[in-house]
Amino acid sequence: MKYTVKCWECGKEIENHFLDACPSCNGSLTIDMELSHLQGTSPMDLRSRPIGVWRYAHFMPIRSEPISLQEGGTPLYDCEKLAEEYGLRKLHVKFEGANPTGSFKDRGMTVGVTRAVELGCKVVGCASTGNTSASLAAYAAKAGLKCVVLLPSGKVASGKLAQAMFFGAKVVTVDGNFDDALRVVKELAHSGDLYMLNSVNPFRPEGQKSLAFEILDQLDFKMPDRIVYPVGNAANIWAAYKALKEWQQLGWIDELPMLTGVQAGGSAPLVMSFAHGQDDFIPVKDPETIATAIRIGNPASGKKALRAVYDTGGVMTAVSDREIIDAQFLLGRMEGVGVEPASAASIAGVKKLMDEGKIGRKEKVVCVCTGHVLKDPDTVIANCGKVLKASATAEDVRRVISS
Ligand SMILES: *Cc1c(COP(=O)(O)O)cnc(C)c1O
Ligand SMILES: [Zn+2]
């Protein structure tokens with residue numbers, strides 16, 4: 001596949017494969033895919049390949065055999081009961097917990113790690129609130145690369161930590177939050193200690209584009225009115241925008257769905273700037289939320305995300321931890337779909353925007369639920385009632401469950 005790496009801000013072409021920002025303006029990087037050979041084709045033509053990231057290989061900046069764990073191809077659930085509860089015409093949930101390591105990060109990581117191998121790198125690394133490290137550790141194992149992950153101290157969900165350790169990464173918790181960890185890993189990348197696979201690496205969002213492609217594919221290319229993303233570092237919602245623009249450019253789709261971003265109240269720098277119509281943002285110093293995957297004060301792709309939202313007529317909103325947990329449990333108990341707190345922010349955001357009249361009842365909405373409930377079992381247990389206790393007799397169990 002032909003492509004060029006460019007600065008998203010000033011358009012400068014980037015030749016050095018190891019930069020994570022523009023050398024002239026420090027802008028973030030992006031990849032221009034050369035798609036002219038697809039003119040005159042249709043997305044239906046891709047259906048001979050199995051659903052998943054590599055069905056969309058034409059849109060991936062990779063020329064070699066992918067390092068793949070068969071990521072993507074996740075269910076798109078039609079949540080009729082939840083839609084009725086909220087009074088919404090249609091509510092689909094894209095369940096990214098069904099990915100190999102249990103989050104959408106695998107979509108970007110199959111591309112990112114394949115890129116690392118193409119470049120001949122031996123050590124890969126990232127800063128992570130948890131899921132990026134779990135994913136990178138697995139793909140590094142598959143590729144036979146060494147892996148270093150930097151986590152903020154004390155705030156990583158146990159399932160994610162277990163995965164990173166299990167897959168053999170060197171796991172380091174740094175004394176600080178995610179934003180601090182990202183700063184340090186960038187330094188290590190600049191000094192050549194590792195190849196950085198955070199989402200500022202422009203190859204990651206390219207893989208994440210497949211999430212949006214798949215949603216449209218699974219809806220038989222009938223456009224939903226809105227796609228709702230939880231937003232942390234903000235690469236995922238940007239990737240959706242990039243994906244949709246590429247298909248629009250090919251004439252594969254006409255209109256774009258309203259891309260809608262939801263942040264947690266305690267870490268919502270982009271919601272603040274959206275409210276003022278600004279295209280840049282002021283970082284939040286000490287981000288705080290139970291939804292640790294979006295506990296990010298200085299979103300690396302924040303400006304890109306704002307562009308995605310403005311350009312598609314979407315909105316950004318913030319939800320409280322209480323609203324997040326309520327939505328997480330409602331989805332689980334009404335639909336049997338288990339997602340981690342950050343993922344439930346998208347559901348909570350739909351409820352909030354409906355209550356405010358910003359989402360109409362006639363809309364067809366897709367919520368992206370980014371990670372699996374088992375990523376963060378402690379939060380779940382802390383918010384459930386007690387486990388019942390009984391002696392080992394049917395009689396006593398009957399007594400306990402009926403009380
Ligand atoms: C990474 C992550 C997010 C946030 O995605 P961004 O691209 O950083 O906005 C949301 N939910 C989960 C479960 C994640 O792992
Ligand atoms: Zn630049």
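One-based numbering, in listed order, for ligands and for the atoms of each. No hydrogens, no waters, no symmetry mates; every other heavy atom, side chains included, goes into these values.
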Asks: Would you say that more than 12 heavy atoms from the other residues, nucleotides or ligands in this model lie under 6.0 Å from the CZ of Arg47, or not?
Replies: yes
Asks: Quick one: does Lys105 get an N or O within less than 3.5 Å of an N or O on ligand 1?
Replies: yes
Asks: Atom SG of Cys147 and atom NZ of Lys122: how far apart are they, to the nearest 0.5 Å?
Replies: 15.0 Å
Asks: Taking everything shown except Phe166 itself, do over 12 heavy atoms lie less than 6.0 Å from its CZ?
Replies: no
Asks: Give a yes or no on whether the backbone of Leu29 and the side-chain of Lys6 come within a donor-acceptor separation of less than 3.5 Å.
Replies: no
Asks: Can we call the ring centroids of His190 and Phe18 under 6.0 Å apart?
Replies: no
Asks: With nothing but distance in play, are any N or O atoms of Gln208 less than 3.5 Å from an N or O of ligand 1?
Replies: no
Asks: Does Trp54 form a side chain to side chain donor-acceptor pair (under 3.5 Å) with Glu71? I'd like the steps, not just the answer.
Replies: CA-CA 9 Å; Trp54 297 101; Glu71 48 292 316; 3.3 Å; yes
Asks: Hey, which atoms in ligand 1 end up nearer than 4.0 Å to a heavy atom of Val231?
Replies: 9 (O)
Asks: Is there a nitrogen or oxygen of Gly232 sitting under 3.5 Å from a nitrogen or oxygen of ligand 1?
Replies: yes
Asks: As a test of understanding, state which of Gln328, Lys160, Lys375 forms a side chain to side chain donor-acceptor pair (under 3.5 Å) with Glu340.
Replies: Lys160
Asks: Only heavy atoms of Glu340, strictly under 4.0 Å: list the atoms of ligand 1 that pass.
Replies: 13 (C)
Asks: Give me the one residue out of Val231, Ile237, Thr260, Leu259 that meets side-chain contact (heavy atoms from CB on, under 4.5 Å) with Met316.
Replies: Val231
Asks: With backbone taken as N, CA, C and O and side chain as the heavy atoms from C-beta onward, which portion of Ile294 lies under 4.0 Å from ligand 1: side chain, backbone, both, or neither?
Replies: side chain
Asks: What's the shortest distance from atom 5 (O) of ligand 1 to any protein heavy atom, and which residue and atom give it?
Replies: Phe104 CZ, 3.4 Å
Asks: At what distance is the nearest protein heavy atom to atom 7 (O) of ligand 1, and which residue and atom is it?
Replies: Asn236 N, 2.9 Å
Asks: At the 4.0 Å heavy-atom cut-off, does Tyr229 count as touching ligand 1?
Replies: no
Asks: With heavy-atom distances below 4.0 Å as the criterion, list the atoms of ligand 1 near Ala235.
Replies: 6 (P), 7 (O), 9 (O)
Asks: Under 3.5 Å between any N/O of Ala342 and any N/O of ligand 1: does that happen in this structure?
Replies: no
Asks: Counting heavy atoms only, name the option from Ser103, Ala234, Ala291, Cys369 that's nearest to atom 6 (P) of ligand 1.
Replies: Ala234
Asks: Pick one: which of Val365, Leu331, Asp78 meets side-chain contact (heavy atoms from CB on, under 4.5 Å) with Val93?
Replies: Leu331
Asks: Does some non-hydrogen atom of Ser199 fall short of 4.0 Å from ligand 1?
Replies: no
Asks: Parallel under 30°, tilted from 30 to 60°, perpendicular over 60°: which one fits the rings of Phe59 and Phe213?
Replies: tilted
Asks: To the nearest 0.1 Å, how far is atom 8 (O) of ligand 1 from its closest protein heavy atom, and which atom is that?
Replies: Asn233 N, 2.8 Å
Asks: Give the residue, atom name and distance (to 0.1 Å) of the protein heavy atom nearest atom 11 (N) of ligand 1.
Replies: Thr370 OG1, 2.7 Å
